Amino acid sequence: MKKASLFFLLFFVSCVLQAQVVDNSMPKASPLESVHGNWFDIKRGGWTMGIYDSVAIVDNRICDVRQVRSKGKDIELTLQDRENGGTQMVALILQRNGTCLMKQGKSKRMLTHSLQQPTVTPDNGYVNFFNPDTATIQGYIAGYNTRLGFETGLIYLKDIVTGTDVPMAVPIAPDGTFACKLPMKHPAVLAILLNDRWLFFFAEPGKTQTMYVNAEDIMAQRSSDREIPLLFMGEDARLSCLANELSKRWSYPYAKLNEALLKLTPAQFRESLRPMVAQWQHVGDSLASVYGASQKAVSLIRHTMSLNEADVSFSFLRPRSYLSEQYPDNEALKAKVEDDYYDFLRRMPLDIPEMLACYDANSFTNSFKFIRPIWNITRRGFSWSSSMTKEERDEKHLAHEAVKQSRMDSVVACISGKERPFLWQMIGVQDVKSNLAYFDTYDGKRKYADMVKEMVKDYPFLAGQVEQVYAARMVEERSRSYALPEGKATDIFRNIIKEHAGKVLFVDFWATTCGPCRAGIEATADLRRKYKDHPDFKFIYITAANESPRADYDRYVEKNIKGEASYYVSSTEFAYLRQLFKFNGIPHYEVVEKDGTISIDNIGTWNLRNFLQERFPMKDN
């Protein structure tokens, strides 16, 4: 009997031990799972905390989760800040109703998973609009995996004051986090491009903005018109929410615009636009009442509305010359554009720098300086005698620029009702770098820069920018070429051109989807034949997977640049090349000297023939 009892006892213990082994082999649920996801401040509103596996975002800081401990109902997290390496303790206490009490030191906040929009932070506008510094955009892509096909984002950043492109490639870590420092001179609405989807945000020098987006939304087909939900954290979170809201407002049906071009005169089109502008005004008033506590927000709403009307009005004018050649008998296209067509300029705050914070500000300045009345003056060159010295030619050029500027100022005053408004003066600064190249002597360049500084003296910031552009250009001209900075982008470029070392390279960044790119390539066909296999010179063509669909690329190369050094790089590599050579738009051209430095000369397909004839003269075949 004792033996039987001992046997059953041993059998029972064995079963218990086996059960424990099986239980230990099963993965235990991490305490982190109970607090996983996005949390919002119930009292203040807004996204306050995000917990995602090994990553946490708390109070606008991206952190690594170093330790997770359960103490009764409390879950304690040890977080390490990725930027400064500092650590902090966060205690989370889940409540029965699904909310969560968050404790940081002596601070306590009640959080909820239910979406709570950030409150409108009251402000009286910008104390100092121009404040050069870096802004930071960072964030987290939920569900990100490198197999999704994109490893970087891209921000088409532009220094609108000087007209300089400053695109920024934004690397995405395998865990879905990203961060990028943006050199900025003033606040602005920007957009990051992720997998061909535009995500808007508000950036201000010296501040950090954090974004949350789901990878599934980024990967959705663009044709579905699916709205991408975004969350923002930071001091200007509500302004980023507004930026996204404004990106969807005030749209004009451009199919209707194309139809109007052939049916309506400019005066008739402006009249047809009035009801839509009134509707936009009503929407703007409603938004302004919601954001009324923030003068920054109200300014953004009002100026965006003005810029939208200007964009539609300019878009109607832009193709009329081209269409007039196609339809020479069309009566609507024959109608003149009277000065009162530009009456919208009289309502625009052209004297207010804050307009530059709007996303469409750059498009407006480009359109404004090329309107027909101004362009008719701009395109007039000046003649000089071949017997003139460089100094004499520069003096004549300087006098010509002064007269031209005076005439353009008169036109702007006539159509806008404002004497040399801020935005018009800023446009003059944008042209300084390119205009300096037309003067032959350093003395001529100095006098031109001083003339522009005198023209913008009412705005000391603009005068300072002229001096900076002049100084940078002088450094470039004394060396005539510059060495590429060490880094990932340069490594990518050097790897592409390595087999052509020791040659002067004409590098063409292009895309099959870009009409001007294709036109430039086709216009240089005879030069490529002439310089084929030249020992000292080579054409290089670079495009990317997201710029040129593979099938279209293969067809175009076969027909137009077969046998040339053509490179098909990844979208990530092309983003880094944009950043390296500072170009937003294409086509873009660079000349690489034999020693690997980059020429400062502005060489493109329009003047390539003269460049080659001077550097590598050849007899005509």
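All heavy atoms count here, side chains included; hydrogens, waters and symmetry mates do not. Bear in mind that the values here come from a model prediction, so they are computed numbers and not experimental data.
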Under 3.5 Å: donor-acceptor pair, side chain of Thr99, backbone of Thr112: no
Check: Ala169 main-chain N/O paired with Gln579 side-chain donor or acceptor under 3.5 Å: yes
Student check: side-chain heavy atoms of Ser294 and Pro122 closer than 4.5 Å: no
Between CE on residue Met211 and OG on residue Ser240, distance to nearest 0.5 Å: 7.0 Å
For Ile586 against Trp510, the heavy-atom pair lying closest together: CD1-C, 4.0 Å
Rounded distance [0.5 Å steps], OH in Tyr576 versus CG in Leu154: 10.5 Å
Ion pair Glu486/Arg494, N-O distance below 4.0 Å: yes
Which residues share a disulfide bond (SG atoms under 2.5 Å apart) with Cys517, sequence neighbours left out: Cys514
Any Ile57 side-chain heavy atom under 4.5 Å of Tyr52 side chain: yes
Stepwise side chain to side chain contact (heavy atoms under 4.5 Å, CB included) check, Ile600 with Tyr482: CA-CA 7 Å; Ile600 69 163; Tyr482 65 92; 4.3 Å; yes
Under 3.5 Å: donor-acceptor pair, side chain of Ser479, backbone of Glu476: yes
From CG (Asn145) to CD1 (Ile172), nearest 0.5 Å: 11.5 Å
Close side-chain approach of Tyr470 to Val432, heavy-atom, < 4.5 Å: no
Non-hydrogen side-chain atoms of Pro549 and Thr513 separated by less than 4.5 Å: yes
Any donor-acceptor N/O pair, Glu547 side chain to Ala544 backbone, under 3.5 Å: no
Test item: Thr490 side-chain N/O and Gly487 main-chain N/O as donor-acceptor pair under 3.5 Å: no
From OG1 (Thr136) to NZ (Lys181), nearest 0.5 Å: 3.0 Å
Whether Asp41 side chain and Arg44 backbone form a donor-acceptor pair below 3.5 Å: yes
Check: Ile93 main-chain N/O paired with Gln95 side-chain donor or acceptor under 3.5 Å: yes
Test of ring centre spacing under 6.0 Å for Tyr144 and Phe150: yes
Heavy-atom check, side chain of Val170 versus side chain of Leu193, under 4.5 Å: no
From CA spacing to verdict: side chain to side chain contact (heavy atoms under 4.5 Å, CB included), Val452, Asp431: CA-CA 10 Å; Val452 179; Asp431 295 333; over 6 Å; no
Sidechain N-carboxylate O distance under 4.0 Å for Arg82, Asp175: yes
Min side-chain heavy-atom separation Tyr212-Met233 under 4.5 Å: no
Working for side chain to side chain contact (heavy atoms under 4.5 Å, CB included), residues Val213 and Arg197: CA-CA 11 Å; Val213 62; Arg197 303 302 293 262; over 6 Å; no
Shortest non-hydrogen separation from Leu194 to Ile218 and the atoms involved: O-CG2, 3.3 Å
CH2-NE2 distance between Trp39 and His113, expressed to the nearest 0.5 angstrom: 3.5 Å
Verdict with supporting geometry, Glu593 and Arg480, side chain to side chain contact (heavy atoms under 4.5 Å, CB included): CA-CA 10 Å; Glu593 299 292 357; Arg480 304 306 304 170; over 6 Å; no
Distance in Å, Glu83 CD paired with Arg61 CZ, rounded so as to fall on 0.5 Å steps: 5.0 Å
Verdict with reasoning, Gln80 to Thr87, per side chain to side chain donor-acceptor pair (under 3.5 Å): CA-CA 4 Å; Gln80 184 172 31; Thr87 59; over 6 Å; no
Donor-acceptor under 3.5 Å (Ser367 side chain, Ser363 main chain): yes
Modelled atom types, side-chain donor and acceptor of Tyr568 and Arg550, under 3.5 Å: no
Option passing side chain to side chain contact (heavy atoms under 4.5 Å, CB included) with Val35 (candidates Leu94, Leu111, Val68): Leu94
Identified salt bridge (charged side-chain N to carboxylate O under 4.0 Å, His left out) partner of Lys296 from the options Glu354, Glu204, Glu235: Glu204
Sub-4.5 Å side-chain heavy-atom contact between Met102 and Val58: yes
Atom CG of Asn128 with >12 non-hydrogen neighbours under 6.0 angstrom: yes
Expected output: side-chain Lys207 to main-chain Ala203 donor-acceptor under 3.5 Å: no
Nearest heavy-atom neighbours spanning Val161 and Val429: O-CG1, 3.6 Å
Distance-minimising heavy-atom pair for Cys358 and Leu307: CB-CD1, 3.4 Å
Side chain Asn60, main chain Thr208, donor-acceptor under 3.5 Å: yes
Distance-minimising heavy-atom pair for Leu300 and Ala357: CD1-O, 3.8 Å
Side chain to side chain, Val65 and Leu79, heavy atoms closer than 4.5 Å: yes
Reference residue Tyr359; test ring pair (Phe, Tyr, Trp, His ring centres under 6.0 Å); the match among Phe200, Phe201, Tyr156, Phe202: Phe200
Atom of Pro171, atom of Thr152 and distance for their closest heavy-atom approach: CA-CG2, 4.1 Å
Ring centroid separation Phe509 to Phe581 under 6.0 Å: yes
Among Arg578, Lys433, Lys158, the one residue meeting salt bridge (charged side-chain N to carboxylate O under 4.0 Å, His left out) with Asp165: Lys158
